[in-house]
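Each chain gets a letter, A, B and so on, in the order the sequences are listed, and its residues count up from 1. The figures that follow rest on heavy atoms only: side chains count, while hydrogens, waters and symmetry mates do not.
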Protein chains: 2
Amino acid sequence: MVKKKKAANPRRSQVERSATSRQRLLSAAAAEFAARGFAGANVDRIARAARVNKAMIYYHFKSKAALYREILRDMFEAVAVRVSAAAQDPAAPAEKVRAFVDAIATEAEARPHFPPIWFREIAEGGAHLDETTVASITGIIGALGRILHEGRAAGRFQAVNPLLVHAGIVGPLRRRLERGGVPGASMVSRDQVVAHVQRVALLALEGPTA
Amino acid sequence: MVKKKKAANPRRSQVERSATSRQRLLSAAAAEFAARGFAGANVDRIARAARVNKAMIYYHFKSKAALYREILRDMFEAVAVRVSAAAQDPAAPAEKVRAFVDAIATEAEARPHFPPIWFREIAEGGAHLDETTVASITGIIGALGRILHEGRAAGRFQAVNPLLVHAGIVGPLRRRLERGGVPGASMVSRDQVVAHVQRVALLALEGPTA
DNA sequence: GTCTATAAATAGATAGAC
DNA sequence: GTCTATCTATTTATAGAC
């Protein structure tokens, strides 16, 4: 009788055994990285927020950087998967654009800390990204590019740079500014934002050239 | 005979006497903050890039934070001034939107490090901003708000949230991604970007509701 | 105004007991 | 898996000579 308990996927068994502290750390870290960026984030603060001993960070993850990379990998992979599905769906290009926007919005909603982190990585030129994550991002942009190309081939869209469309989508799809005295900042609902972005993206693609 | 040389504006005389090192520090710091953010920035690196002794940072500025605030203040003030001018100009609302976009683009061009810094501050919720700078930003959003309101009153624009329009403008108006394997990233010129953003902004405001 | 040397504080990381 | 104590490196900031 060969023992089987050690033969299981190490990743899976680890998750089973320590889902709590590991999970707490991941979500506390996401919040910290979102609020302060990679360099500004503090492992003590992460541990405290997760109500977990700081040493656990180095038990579950190799380093602060590895923890950050893991969060990024997870976030961008999730978006890439959903976005690719939207691009492959048999639907009209315009509908795919709507699905693309909604895919990002949905993932951003499920992970409230995703947009700020994304923003920072853009500002930083992707300094902290590993190859897997770069591949995910390339996949996201690529999926959008395919949708745009398809619409253009069908004579529905005009030629616009995918990166600019992408920026026009990601820009507004961040969390509303909560402070700073900007009036009306927190009065925009999720659905309003999504509807606005979808409308603008489609106008940019289908509207007159003028 | 009262001596006059000490009576001059201390700020002015300081600038006159040390324009070189002070100026070098400011521009080196802007680059560093843009590339790495406030927390990620390193004063040694700033001093080295400016070819100035590190102690000079604390001679000219109170601290790393004060240096950062000074850069932000300058950048946002310049944008606020130009943007307010655009809003006051006697022109049709649509033209004012174009001027608004161009104003930001022009300042961003004059200060290449402005867009990434702006991006970070947005992600951070304005954590490092002093009151003066918050006022500038409020002024920028306010100027856009007035333009939109005017266009709406004239029956030309539809009702859209100024913050979303603003995000749609600032989002694409960042520096083009230079790396990361994104195809076509660096193929977008300044004028193409500005034209795209202007077009999209106006479509969002004037286009059909559908 | 400029420089060297160094103080002082932070913060990432690890050893080792339990 | 979890904790305490601590090491170490980095980095902001200052004192003081020139």
Original post:
Who are the side chain to side chain contact (heavy atoms under 4.5 Å, CB included) partners of B/Ser63, not counting sequence neighbours?
Top reply: B/Ala65, B/Ala66

Original post:
Reckon B/Ala41 touches a base, only the sugar-phosphate, or nothing at all at heavy-atom distances under 4.0 Å?
Top reply: sugar-phosphate

Subject >> Estimated bend of the helix from C/dG1-D/dC18 to C/dC18-D/dG1 (axis per five terminal pairs, rounded to 10 degrees) >> reply: 0°

Give every pair of a protein N or O atom and an N or O atom of nucleotides 13-16 of chain D that lie under 3.5 Å apart, one pair per line with the distance.
{"from": "D/dA13", "atom 1": "OP2", "to": "B/Tyr58", "atom 2": "OH", "distance (Å)": "3.3"}
{"from": "D/dA13", "atom 1": "OP2", "to": "B/Lys64", "atom 2": "N", "distance (Å)": "2.9"}
{"from": "D/dA13", "atom 1": "N6", "to": "B/Lys54", "atom 2": "NZ", "distance (Å)": "2.8"}

Subject >> Under the side chain to side chain contact (heavy atoms under 4.5 Å, CB included) test, residues paired with B/Arg45 that sit two or more places apart >> reply: B/Glu32, B/Arg36, B/Asn42, B/Arg48

Original post:
When the distance from CG of B/Asn42 to C1' of C/dT10 is rounded to whole Å, what number comes out?
Top reply: 14 Å

**OP:** Under the ring-ring contact (aromatic ring centres under 6.0 Å, His included) rule, collect the residues that match up with B/His196, sequence neighbours excluded.
**Re:** none

**OP:** Please determine which of B/Asp130, B/Thr132, B/Thr133 meets the side chain to side chain donor-acceptor pair (under 3.5 Å) test together with B/Arg73.
**Re:** B/Asp130

**OP:** Round to a whole Å and report the spacing from CZ of A/Arg36 to P of C/dG12.
**Re:** 12 Å

Subject >> Euclidean distance, atom OH of residue B/Tyr59 to atom P of C/dT2 [Å, nearest integer] >> reply: 8 Å

Original post:
Rounding to a whole Å, what distance do you find between B/Arg22:CZ and C/dG1:C1'?
Top reply: 14 Å

Subject >> Parallel, tilted or perpendicular: ring planes of B/Phe38 versus B/Tyr68, cut at 30 and 60 degrees >> reply: tilted

For residues 100-108 of chain A, which side-chain N or O atoms pair as donor and acceptor with protein atoms under 3.5 Å away, sequence neighbours left out?
{"from": "A/Asp102", "atom 1": "OD2", "to": "A/Thr106", "atom 2": "OG1", "distance (Å)": "3.4"}
{"from": "A/Thr106", "atom 1": "OG1", "to": "A/Asp102", "atom 2": "O", "distance (Å)": "2.7"}
{"from": "A/Thr106", "atom 1": "OG1", "to": "A/Arg190", "atom 2": "NH2", "distance (Å)": "3.3"}
{"from": "A/Glu107", "atom 1": "OE1", "to": "A/Arg111", "atom 2": "NE", "distance (Å)": "3.0"}
{"from": "A/Glu107", "atom 1": "OE1", "to": "A/Arg111", "atom 2": "NH2", "distance (Å)": "3.1"}
{"from": "A/Glu107", "atom 1": "OE2", "to": "A/Arg82", "atom 2": "NE", "distance (Å)": "2.7"}
{"from": "A/Glu107", "atom 1": "OE2", "to": "A/Arg82", "atom 2": "NH2", "distance (Å)": "3.2"}

Original post:
So what does A/Asn53 touch, heavy atoms closer than 4.0 Å: a base, only the sugar-phosphate, or nothing?
Top reply: base

Subject >> Atom pair distance, as rounded to whole Å: CZ in B/Arg48 and P in C/dC3 >> reply: 15 Å

